Each structure stands twice: as structure tokens, then as C-alpha cells.
Amino acid sequence: MYETNYHRAGSVADAAALLAKADDGKLLSGGQTLLPTMKQRLAAPSDLVDVTKIAELKGICEDGNAISIGAATTHAEVAASDLVKQKIPGLAKLAGGIGDPAVRHMGTIGGSIANNDPAADYPSALVALNATVTTNKRTLSAEDFFTGMFETALDDDEIVTSVSFPAAAKSAYAKYPNPASRYAMAGVFVAQQADGSVRVAVTGAGQDGVFRVPEMESALASNFAPDAVAGISVSADNLLSDIHGSSAYRANLVTVMAKRAVEAAS
Amino acid sequence: MAHVSMVLNGKRVSGTVEDRTLLVAFIRENQGLTGTHVGCDTSQCGACVIHVDGKAVKACTMLAAQADGTEVVTLEGLAKGGTLHPVQAAFREHHGLQCGFCTPGMIMAAVDMIERHGAGNLDEATIRHELEGNICRCTGYQNIVKAIKAASDEMAGLQQAAE
Amino acid sequence: MGVDGIGARAVRKEDKRFITGKGRYTDDMTAQGMGYAAFVRSPHAHAKVVSIDSSAAEDMPGVDAVLTGEQLVGDGIGNLICGWMIHSKDGSPMNMGAWRAMEPEIVRFVGQAVAVVIADTAAQARDAADAVVVEYEELDAIVDAVAAMEDGAPQLHPEAPNNLIYDWEIGDEAAVNAAFEGAAHVTKMEITNNRLAPNPMEPRAALAIYDTAEEHFTLYTTSQNPHVARLVLSAFYAVAPEHKLRVIAPDVGGGFGSKIYIYPEEMVCLWASKRTERPVKWVSDRTEAFLTDAHGRDHNSVAEMALDADNKITGLRVKTVANLGAYMSLFSSSVPTYLYATLLSGQYNIPAIHANVKAVYTNTVPVDAYRGAGRPEATYLLERMMETAAREVGLSPAELRRKNFITEFPHQTPVIMCYDAGDYSATLDAAMAAIDYDGFAARKAEAASRGKLRGIGLSCYIEACGIAPSAAVGSLGAGVGLWESAEVRVNPVGTIEVLTGSHSHGQGHETTFAQLISERFGLDTDAVSIVHGDTDKVQFGMGTYGSRSGAVGMSAIVKALDKVEAKAKKIAAHLMEAAEGDITIEGGELKVAGTDKKLTFTEVALAAYTAHNLPDGMEPGLKEGAFYDPTNFTFPAGTYICEVEVDPETGTTDIISFVASDDFGKIINPMIVEGQVHGGLTQGIGQAMLENAAYDDTGQLLTASYMDYCMPRADDLPAEYRLSTHETLCPGNPLGMKGCGEAGAIGSPPAVINAITDAIGSNDLSMPATPEKVWQLCQTTTKAAAE
Ligand SMILES: Cc1cc2nc3c(=O)[nH]c(=O)nc-3n(C[C@H](O)[C@H](O)[C@H](O)COP(=O)(O)OP(=O)(O)OC[C@H]3O[C@@H](n4cnc5c(N)ncnc54)[C@H](O)[C@@H]3O)c2cc1C
Ligand code: FES
Ligand code: FES
């Protein structure tokens with residue numbers, strides 16, 4: 001790791017000020033992505049602004065018919081939250097399947113979505129549940145937030161403060177892990193709204209990160225059953241291909257995981 | 001440079017280190033406690049697992065500066081007054097270690113696992129799943145899983161006896 | 001602890017320090033004024049080093065020195081060598097290219113060191129290493145061993161035209177040809193043995209300390225054989241004369257072969273310590289380990305088996321290309337030859353075998369012995385062939401094997417080995433009973449009703465352990481003898497220190513070896529210390545690999561114990577005025593048979609040292625040494641059966657059951673032996689389903705971290721390995737031991753692949769059997785079934 005300067009922010013405003021002062025500053029949340037990257041010398045921020053001690057970024061609360069999760073809330077906290085388990089069980093399950101227990105004790109939702117790893121789990125939940133992301137500057141829909149592989153709509157000095165998930169009637173996540181890294185090789189989040197409409201979002205497989213599968217969504221809207229998606233496949237053209245799985249294999253996994261997510265949600 | 005102070009295995013310690021210093025380096029090099037190991041550079045092997053404020057974390061994926069003001073327990077701090085923690089004893093009893101290199105992280109992860117699930121509530125499949133972040137090249141895991149299960153059950157018995 | 005003799009499941013004496021965080025590994029050592037080394041490594045698989053500019057790095061904070069290969073060569077440091085001479089079939093010696101610890105001219109694999117920085121802290125050294133500017137002129141690289149032999153392929157070493165190191169053969173080719181001419185059936189397969197990265201969890205490390213006054217070096221290092229390291233470092237690399245070099249291998253966090261060899265980094269630390277006149281420490285990170293630790297396996301073979309009308313094997317023909325990487329590592333040449341082709345007879349009576357092995361240079365990290373070394377490659381080849389042949393001729397896999405089993409011993413194979421003892425039907429029967437082989441069809445049907453594909457696969461392995469005798473291996477090209485030494489020191493108070501040339505890095509010698517003494521004298525194991533891993537304490541030894549510490553290392557201890565016992569009895573007889581032949585040892589006491597006269601072991605020991613009343617002419621003291629050179633290899637063998645369930649939708653394979661029935665000869669501590677099997681099985685299952693060290697065409701390692709190299713984890717494995725042992729004693733050593741360290745890794749891969757191919761009904765599967773590969777085959781077989 002290259003030398004850097006560590007700062008602890010006490011508030012969001014404080015964090016924004018520290019970032020503004022830094023040459024090439026970066027926010028540090030759980031550090032479960034940023035620190036490994038720095039250890040490999042693939043990132044060399046001049047300054048790190050630790051946001052995990054900011055009270056307003058922590059915690060899970062009910063907000064009308066939605067659940068709001070502070071950006072610095074850990075995966076373990078989301079997985080263990082009774083509120084999340086009760087209102088959006090698929091989300092709790094997803095959080096409980098990110099990395100391993102020690103990673104979940106540190107890693108946060110804000111850090112995960114800001115990083116937008118194409119194999120990360122959270123993006124699928126945000127898109128399928130039509131979540132909104134609040135920053136210190138604005139509010140964005142999930143689909144506007146994720147703009148491509150490791151790309152988001154965030155400005156360099158913008159800080160995610162919370163994510164709000166509207167409760168779903170049914171939700172489930174099915175993940176096929178990469179055998180080595182255990183990140184998603186294909187992860188499918190399926191959410192059915194009270195009005196019967198369905199959103200299906202896929203992570204791990206797409207070259208541009210998370211994407212929706214409209215064909216599956218309409219099929220499930222009329223018949224919310226595993227069989228409804230069993231025959232629907234996504235095109236392999238824009239899917240990732242690597243030593244662990246070709247795009248054709250990933251396309252197959254998307255169908256199978258969609259089926260299993262529907263099964264789990266039903 | 002960062003001034004770092006923490007309670008390490010029950011003792012208040014402090015030191016001044018570069019901001020980039022990892023917690024594991026602070027513990028091993030600055031504090032001379034070499035029971036916490038480093039087995040990878042991608043935060044995956046778990047040889048470095050310790051407890052920070054009562055939770056298992058990877059000491060290789062946290063800066064010493066982040067741990068300022070926390071309470072840290074490493075493998076060296078687990079045995080109380082010369083009595084082995086039940087997990088330590090079970091690892092020996094069930095041959096849950098060979099070369100011993102993964103062992104510090106395994107034991108610390110196991111203690112955390114038992115605390116989270118509640119003593120006596122672990123089955124073989126859950127233990128295996130919970131060990132996703134701990135790699136052992138020697139044992140094939142079978143005896144590690146056995147040791148954790150035995151410790152978990154024994155701790156449940158101890159709790160019951162105490163009640 | 002108590003008196004734990006042979007056969008006791010004694011908990012390990014060494015565990016106390018490991019479970020309390022008090023183990024002492026190389027990286028835990030420090031020395032006053034220590035500097036840290038960081039290496040500058042080639043990002044290219046094949047390139048000319050045009051220039052190295054270290055000026056910027058030298059000016060950085062904390063930097064003591066930047067040293068290059070040119071300086072190393074200038075100081076007379078020798079090239080790294082391969083210590084086993086193999087001759088090609090035309091009689092010419094193998095073609096060995098020069099390997100310098102840091103390369104001044106042409107780099108040949110990604111990660112090869114060209115320079116080193118010594119600085120006050122590890123971080124400063126790394127910062128400065130990044131600032132060393134190396135200009136390279138890239139050359140074409142070749143990573144595929146078969147393609148490397150073709151005309152026009154990039155050439156690695158001028159010494160090796162067409163990158164061919166040797167073209168070696170064994171067996172009677174004419175006899176094999178004749179067998180094929182008369183064959184009723186021929187099974188032919190192309191078989192790949194995938195390349196693996198050994199991955200002991202403790203990465204390699206070194207701390208070199210040069211004493212300017214004494215001109216003496218101390219090296220703490222992660223070695224499986226510190227004495228061999230010292231010998232090679234002094235005799236061949238000219239780093240220091242042997243009596244001026246102490247090598248200490250303290251607690252070592254696993255080895256699996258990869259810590260046998262002498263690597264550039266440890267050498268450079270020694271040399272740099274002298275140049276900078278300060279202790280120098282280097283600790284590999286995991287990425288460096290992937291790039292520079294010797295890999296294992298990597299064979300491409302074509303095998304043909306001839307069967308007669310009665311399904312008896314009449315001949316075996318094997319052609320193998322072995323990828324040895326960019327340089328010849330210490331024992332690399334022996335692995336695809338004498339550790340591989342000599343085991344191609346397996347457990348079977350095969351009258352004619354011929355194998356041809358071509359060893360090839362490629363632009364990849366050197367390949368050498370990894371747990372099993374050659375024997376897993378032989379077993380995989382043969383056991384895939386057996387299963388396939390059984391399917392082709394329509395016999396059950398067990399029946400074909402049974403028909404061909406060797407049943408009489410000693411048995412001379414056509415490929416050097418003379419098997420001394422075994423009972424192959426017994427282990428096959430035990431494994432089949434354990435897995436309820438007869439109930440498989442019902443389980444398969446039940447799985448099918450859930451949409452899952454069940455399969456079952458066998459592997460009947462044999463291996464050769466405790467490579468020996470020295471004269472025989474010497475005649476086959478080995479540069480060293482393969483005996484072992486031991487010294488038993490009885491202290492005046494009756495406690496015992498055993499000094500052994502074996503090295504423990506997870507095997508539990510401190511316990512198992514102590515059990516031998518406990519058994520012999522009836523002493524508490526706490527009264528025994530095992531001393532190993534330090535060339536200043538133990539005079540010489542060959543270290544631990546090839547499952548040799550039991551059969552060879554413990555045999556040396558037994559020999560020394562015999563001498564101690566004889567002397568103790570003489571003293572006791574003298575003191576109790578009895579005949580020597582009447583003295584028995586029991587429960588820590590020396591007794592005169594048929595009387596109530598006795599002396600404690602401590603009293604006898606004290607008498608030996610006070611020397612007030614010893615038999616005439618006897619020297620004082622009670623300390624004996626022994627060297628043991630075995631008369632033959634040992635031959636552990638057994639049967640492994642794996643039952644899997646495949647999810648055809650995703651290609652995921654779950655191992656439902658895995659049973660192992662092994663014949664290891666005499667077992668000292670069953671608990672430790674089981675642990676060795678668990679670990680070996682897991683590495684074998686890893687090879688079969690998960691692990692692969694993959695290079696791209698330009699020689700970049702695609703799997704240089706755990707993000708891409710798939711290590712077996714707890715949830716990849718079956719709920720329980722079910723083990724049993726069947727003991728036939730090895731006649732070649734005093735305890736009848738055979739060895740157990742590698743069997744699991746040797747026998748398991750074919751069992752897994754035979755099971756998966758059985759499940760999916762397609763034989764065209766290579767290791768590792770990744771979900772994608774299995775899924776793809778499921779696609780083809782379901783399509784074929786539909787048509
Ligand atoms: C072994 C291992 C396994 C893992 N497995 C998985 C897995 O299976 N699935 C998965 O999804 N992830 C996985 N992860 C990644 C993990 O979920 C990370 O926690 C997560 O990706 C990043 O969150 P963090 O809080 O650690 O962020 P950090 O690492 O601190 O930061 C990540 C990035 O986000 C930025 N950032 C942080 N907070 C904010 C904020 N509030 N506003 C704007 N930008 C911010 C940082 O500047 C940085 O660029 C794994 C990680 C490890 C080490
Ligand atoms: S050293 Fe921390 S996870 Fe490997
Ligand atoms: S005991 Fe050696 S790595 Fe686990």
C-alpha cells in the first residue's frame with residue numbers, strides 16, 4: 001500500500017470538507033474493497049476519509065412503506081435486521097450471503113453500491129426493488145445510479161448517505177457464486193409489488209453491471225411461478241466471459257437462478 | 001503518522017505508525033504479538049481474523065488507525081488465567097490443526113461464530129458455510145468442523161450448568 | 001500426556017503453542033538492525049533485460065541498497081541447479097539451462113526477479129522496488145508444452161533445442177507392441193493432469209543474518225529440509241561454506257513439496273545480508289507465492305491399454321509431455337520419470353509397459369514435486385483408463401480391477417518397482433462395503449426422481465514412499481542419498497531428546513516420534529523432546545517429503561533406540577548383577593526377569609553419567625546415533641470411492657460420500673494419520689474439481705490470487721470422509737510402516753472424475769471439473785438422449 005493520510009469524519013458535512021481539501025481523497029467505509037485494492041497498489045488515494053463513525057449514516061429504519069438503510073450500515077446489520085427480514089426477506093438473505101462473516105462485519109451498503117462491482121450482490125436488489133439512493137447532494141433512482149461496470153452517477157465529491165427500499169409483496173435472491181471468489185457469477189433478484197408487477201434484476205453476469213430482464217418481468221406479472229421464466233433466456237452477447245464461466249454459461253445461470261429466486265419467493 | 005491507542009487483550013496499548021499501517025502489522029510488529037498471521041493479500045484466507053469490539057474482522061483489511069479507540073482481542077488473549085478457551089481445547093482434542101498457520105484465524109472465527117449463533121446451535125453444514133472466509137490447506141476441514149461443533153455443544157452445556 | 005505408545009490416539013504435544021498463538025514461524029523472527037527485501041520482478045514471460053535504472057529508488061527514504069543480478073553473478077554466486085540427472089533414451093544427459101537467482105540478461109517467466117531493494121521497512125522496500133526502472137525488450141513466449149516442442153516455437157535456453165530437456169523412456173517397447181498386436185480390446189485416451197499451485201498457507205519467508213566477525217551466516221527459512229538447503233547453498237551456490245552456515249527451519253506452515261527447493265529469494269537474502277552487513281528479511285506475499293513457488297503436475301499424455309479376450313491387461317503404452325516451466329527446479333527432473341512412470345503398473349499385473357516422457361521448457365514458473373509428485377499423475381492416468389476400459393468392455397469397474405489385481409508378493413513390475421506386500425482385494429472390499437456399493441442403483445434412481453444425476457467412481461491407487469535405497473537412487477541419477485539420521489540422547493535425569501533429520505511442518509512428529517520412545521521405555525511422552533529443523537543441533541538429515549518420515553525417519557530412530565536399549569540393559573545387568581539377557585524394560589523400569597529386582601530408567605541413566613560403576617571398558621554416557629538407509633521403497637495402497645450428485649441445470653457437483661480404505665502398514669497415531677488422509681483427499685478433490693493454475697498465451701498467470709485460484713473450502717467438501725485402514729506390514733523396515741502423507745492426494749482425483757463421468761454419461765471430462773464444463777457435457781448428453 002502507498003502512504004496515505006487517514007481522517008475520521010464526524011458528520012457528512014465534515015466528510016465533504018475533508019474530501020474537498022484532499023488532493024486525491026477517497027471515502028473509506030468498510031474498507032473491504034478499497035483496502036484490498038490499495039494493498040495491491042491498484043489505488044493510491046492521498047487521503048482516506050472514514051465515514052463509519054458518522055451517526056447519521058448508520059442504522060436501519062422504517063420510512064412509511066419503505067426501509068431506509070444508512071450508507072455505513074454493515075452487511076451483517078442488514079442481514080440480522082428483523083425489520084428487513086420481515087418486510088424484504090430477499091434483501092436480508094442477500095446481505096447475509098455477501099462474502100464471509102468477517103467481511104460482513106465491516107463491509108457496508110454505501111461502499112458496495114458506490115463501488116458497483118459487476119459481481120456485487122446489492123445492485124440487483126436496488127434495481128429490482130426500485131430503491132432510491134440519497135446522497136449529500138440529491139436523490140437518484142437505482143437505475144439512474146448504476147451507470148456501468150464500476151461506474152455510478154456519483155460525482156467525485158458526492159457521498160451516499162442512505163438507500164431507501166420500498167417494501168415488496170414478495171422478494172427473493174438466488175446467487176450462483178464464482179467458485180473461487182464467491183462473488184456472484186450470476187445473481188438474480190426477483191421482487192413482486194403489491195399490484196402484481198414484477199422486477200427482475202441480474203448481477204454478476206452483465207458486462208455493464210446490473211440489468212433488468214423485461215421478458216421475465218412480464219411473464220412473471222401474469223404468472224408468478226418458476227415455470228414462467230424457465231423458458232426465457234437472456235442473450236449471451238453482452239454477458240461477461242472469463243476463466244470461470246463463458247457468457248453462454250452465465251446466460252444459462254441467469255435463467256436457472258431466476259427460476260430458483262421465484263421458487264424461493266413463492 | 002497516526003497515533004493509535006486501543007485495548008489489546010485487556011491491556012491499553014498505543015503507538016505511532018504510518019497511516020497506511022494495517023492493523024495486523026500493528027499487532028505483529030509494533031506490539032510483538034505474532035499469533036495473528038497473514039496468508040494472503042486479497043482478504044480471503046482468514047489467517048488474520050481477530051475480534052474488534054467483539055466482532056470477527058480481518059486484521060489485514062483494516063488500518064491500525066481505524067482501530068483507534070477499540071477493544072481488540074487476538075488469539076493470545078483468548079485463554080483466561082492459563083485456562084484454554086473451550087474452542088482452543090477442542091481444536092487440540094479433535095486434531096483441528098496440523099501446521100497451525102490457519103489456526104489463529106480459525107479459532108477466532110469459530111469463537112465469533114458460536115457467539116453469533118448461540119452455543120449449541122451449530123450444525124455441520126452451518127459451520128462449513130460460516131467458514132467461507134477461512135482457508136486451511138492441511139486439515140481438509142473435517143476435524144476443524146468437528147472441533148467447532150464440539151466446542152459449541154460444550155459451551156452450551158457450561159451455560160446450562162451455570163444457570 | 002501419559003504413556004502413549006504405538007497405536008495411541010495421543011493428542012499432539014505441539015498443539016499447545018499453536019492454539020495459544022505462540023508458534024514461531026520465520027516471519028515471527030526479528031533481528032537487531034534488520035532490513036527488508038523487496039524484489040523487482042519481471043512483468044513479462046519472456047524478455048531481454050535491456051537496462052536497470054535504480055537511481056531513483058536508491059534515493060528513496062530508508063533505502064540501503066538496490067542489488068541486481070549482475071552484482072550477484074559478479075560475486076561468484078552459483079546458478080540454481082537440478083539435483084537429479086536424467087538421461088534421454090539416446091544416452092545424452094538432460095539439457096539444463098542456466099538459472100540465476102536474479103536474472104541479468106533474459107527473463108523467462110512472469111515474476112522472475114531481476115533486482116532487490118533492501119530498506120529499513122517492508123513498505124519502504126516495496127515503494128523503492130516499484131521505483132526501479134527496468135527496460136525490457138519483449139520476446140515471444142510459449143506456455144503450452146506440446147507446442148513448445150514444435151519447430152519455430154520461441155526458444156528458452158540455448159542448451160535445449162526445441163525446448164526439450166530430455167526424451168526419456170522406460171520399459172520394453174517391443175513387448176508392448178506385441179501385446180497390442182494380439183489385443184482383443186484396446187482402450188485409448190488423451191489425459192491431461194492440470195497444473196496446480198501448492199499454496200501452503202504460510203508463504204515462503206527468509207531471515208538471513210550475517211556475522212561479519214565470524215564470517216558466519218544464519219538463515220531462518222520456511223524449509224522442509226534445512227540440511228539439504230545448507231548443502232546446496234554451500235556446495236553449489238557458493239553462498240557460504242557449510243560450517244559457516246546455519247539453517248533453521250522453525251515452525252513451518254505447511255509445505256506440500258513446495259518448500260523442499262532452494263529458491264532465489266532465500267539465496268539473495270543471504271548474499272544481501274553480507275553485502276549490506278545487516279540482517280535481511282523477506283516475506284513472500286500470496287501473489288508472489290503464486291508467481292514464484294514451484295507449481296505441480298502439468299502433464300499431457302496419450303495412453304493405450306491392451307486387454308485380452310478374458311479382460312486381462314496385456315500391455316500399457318504411455319506417451320507423456322511434462323511441462324517443467326522456465327527452469328529446472330531442484331528435483332523437477334525426477335518427478336515425471338522415476339516418481340511417475342515407475343508406478344504405471346498400479347495394483348495390476350501388467351506384463352508389458354512402455355512409457356516415453358518428454359520434459360519441456362515453457363515460459364511459466366518452474367514445476368516440481370507437489371504432494372504426491374508423479375504418483376498422482378500415474379494414478380490418475382491408470383485409474384481413468386481402468387474405469388474407461390471397464391465401461392467399454394462392459395464389466396463392472398470393480399470386477400475389471402479385481403481380475404487384474406496382483407495377489408502374490410513380492411511382485412516385480414516391468415517398470416523397476418518390486419512391490420513387497422499388500423492386499424488389494426481387502427481394501428477394495430472394505431471401501432465397497434463402506435459406501436454400500438450394492439445400494440447405488442437405488443440411490444441413483446431416487447436422485448433421478450429429483451432431477452439429479454448420481455455417479456459413483458473408483459480409484460485403486462498404489463504409491464511408492466520413502467524413496468530409497470541410496471545406492472539405487474544414485475544409480476538412477478539422484479544427486480543425494482535418501483537415508484535418514486537420528487540421535488537419541490538420554491539425559492542424566494532420564495528425560496530424552498531425539499534429534500532427527502526429518503522436519504515437521506504439520507505432520508505432528510513431536511508427538512508421533514515421542515510415542516516410539518514412550519512405547520520402548522514406558523516413559524511419559526512429556527519426558528521426550530523431539531529436536532529438528534536446525535543444522536546446528538542435528539548433524540545431518542534429508543528432511544520431510546515423499547511420506548518418508550515414518551518409514552525412513554522413524555526407522556533411524558528405532559535403530560538408535562536399539563543401541564540405547566542395549567547399553568541401558570548392559571548397565572542395568574551390571575548394577576543388579578544379573579545376566580544381560582534377563583533384563584526387560586517395562587513401565588519405565590529395567591527389571592530382572594523372574595525376580596523383583598529393578599531399577600528405574602532414571603537410575604540407569606544417572607549411573608551412565610556418574611560412571612561410578614559401569615561394566616569394564618564401557619564409555620560413560622547414554623547417547624546413540626544411527627543412520628538408516630532402507631532396502632526398498634514402501635508401497636502404501638488402497639481404494640477410494642466417490643459418490644457424486646450433479647445438478648444438470650448448473651453443472652454443480654456435490655460429493656455425497658467419499659470413502660477411503662488404505663493400507664499404510666503399521667500406524668503409530670491413528671488420529672494423525674486420519675488427519676493426513678483428510679488433508680490429502682481435500683487437495684486431490686481440489687485438483688479434480690476446483691484448482692487450476694492457468695496461464696494465458698502470453699504467459700501471464702490468470703490465477704494469481706484466491707480471487708481466481710479456487711482453493712477448496714469447508715463447504716466444497718462432503719460432510720464426512722469415511723476412512724478405514726487395512727494393515728499389511730512393510731517387511732522392509734523395523735516398524736512395518738509404509739507412509740500416509742500423500743495417499744489422499746494421489747488416490748482421490750480419479751475417483752472424483754470417474755464418479756462425475758459416470759453421473760453425466762460422458763467420459764470427455766478434464767480436471768478441474770468446473771461447473772461450466774460439467775454443464776456443457778450435460779447439455780450434450782441430454783441432447784443425444786433426446787435424439
Ligand atoms: C473476501 C471478500 C469477499 C467479498 N464477497 C462479496 C460478495 O460476495 N458480494 C459482494 O457484493 N461483495 C463482496 N465483497 C465486497 C464487500 O461487499 C465490500 O464490503 C463492498 O463491496 C464495499 O463496501 P465497503 O463498505 O467495504 O466499502 P469501501 O471498501 O470502504 O469502499 C468502496 C468504494 O466505495 C466508496 N465509498 C464508500 N462509502 C461511500 C459513500 N458513503 N459514498 C460514496 N462512496 C463511498 C469508496 O471511496 C470506495 O471507492 C467481498 C469482499 C471481500 C474482501
Ligand atoms: S491475511 Fe487477512 S484474509 Fe488473508
Ligand atoms: S493447519 Fe495448516 S493451514 Fe490449516
Side-chain angles (χ1 to χ4, degrees), chain A residues 1-4 32-33 36-42 44 97 99-101 103 117-120 174-188 204-205 226-227 229-231 233 236 239-260 263, chain C residues 38 60-62 121-124 126-131 194 197 199 285-288 290 451 647-653 685-686 689-696 700-716 768-779 782:
Chain A
M1 188 180 297
Y2 296 104
E3 182 51 326
T4 187
Q32 301 301 292
T33 293
T37 315
M38 289 173 68
K39 283 200 289 184
Q40 303 264 49
R41 299 192 165 225
L42 300 172
D100 56 63
V103 167
D117 189 313
K175 169 181 182 174
Y176 196 87
N178 173 314
S181 74
R182 304 289 180 97
Y183 275 71
M185 195 131 94
V188 179
D227 282 351
V229 289
S233 48
L239 298 191
L240 291 165
S241 197
D242 56 30
I243 52 170
H244 305 287
S246 65
S247 49
Y249 180 57
R250 279 185 162 87
N252 168 65
L253 288 180
V254 170
T255 303
V256 178
M257 290 305 114
K259 212 169 73 174
R260 292 183 186 176
E263 208 168 272
Chain C
M60 289 175 66
T121 72
Q124 287 170 335
R126 186 75 263 151
D127 288 345
D130 283 0
N194 47 325
N199 275 300
D285 61 32
R286 184 57 58 187
T287 308
E288 281 181 295
F290 274 109
D647 173 359
E649 285 191 335
T650 60
T652 311
T653 301
I685 289 171
M689 294 174 57
L690 307 165
E691 299 179 41
N692 197 36
Y695 283 89
D696 73 8
Q700 294 295 329
L701 184 61
L702 298 172
T703 51
S705 83
Y706 295 144
M707 293 296 283
D708 292 304
Y709 190 87
C710 188
M711 289 287 277
R713 272 173 277 200
D715 59 2
D716 290 318
T770 60
E772 169 158 27
K773 280 189 207 164
V774 173
W775 171 75
Q776 232 133 27
L777 290 174
C778 289
Q779 297 298 101
T782 26

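Note that the structure is a prediction, hence the values are computed from the model and not measured. Any value given below was found using the heavy atoms of this structure, including those in side chains, with hydrogens, waters and symmetry copies removed. Chain letters run A, B, ... following the sequence lines, proteins first, then strands; residues in each count from 1.
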Can you tell me which portion of [X] sits under 4.5 Å from chain C's heavy atoms? Options are side chain, backbone, both or neither.
X	result
N178(A)	side chain
Y249(A)	both
R41(A)	side chain
T255(A)	neither

Original post:
For chain C, which of H244(A), Q40(A), M257(A) has the most heavy-atom pairs under 4.5 Å?
Top reply: H244(A)
Original post:
Between D242(A), V256(A), I243(A), N252(A), which shows the greatest number of heavy-atom pairs under 4.5 Å with chain C?
Top reply: N252(A)
**OP:** Apply the test side-chain contact (heavy atoms from CB on, under 4.5 Å) to residues L253(A) and W775(C): give CA-CA distance (whole Å), side-chain angles for both, the deciding distance (0.1 Å), then the verdict.
**Re:** CA-CA 10 Å; L253(A) 288 180; W775(C) 171 75; over 6 Å; no
Subject >> N-O pairing of D647(C) and R260(A) below 4.0 Å >> reply: yes
Name the region of [X], side chain, backbone, both or neither, that has any atom closer than 4.5 Å to a heavy atom of chain A.
X	answer
D696(C)	neither
M707(C)	both
T287(C)	side chain
A694(C)	neither

**OP:** Could you tell me whether a side-chain N or O of R713(C) sits under 3.5 Å from a main-chain N or O of A180(A), the two making a donor and an acceptor?
**Re:** yes
Original post:
Any idea which of E772(C), Q776(C), K773(C), Q779(C) has the most non-hydrogen atom pairs under 4.5 angstrom with chain A?
Top reply: E772(C)
Original post:
Hey, which of D715(C), D716(C), N692(C), L702(C) has the most heavy atom pairs under 4.5 Å with chain A?
Top reply: D715(C)
**OP:** Heavy atoms only: give me the nearest M1(A)-D127(C) pair and the separation to one decimal.
**Re:** O-OD1, 4.3 Å
Subject >> Candidate pair T650(C) and M185(A), rule side-chain contact (heavy atoms from CB on, under 4.5 Å), full reasoning >> reply: CA-CA 12 Å; T650(C) 60; M185(A) 195 131 94; over 6 Å; no
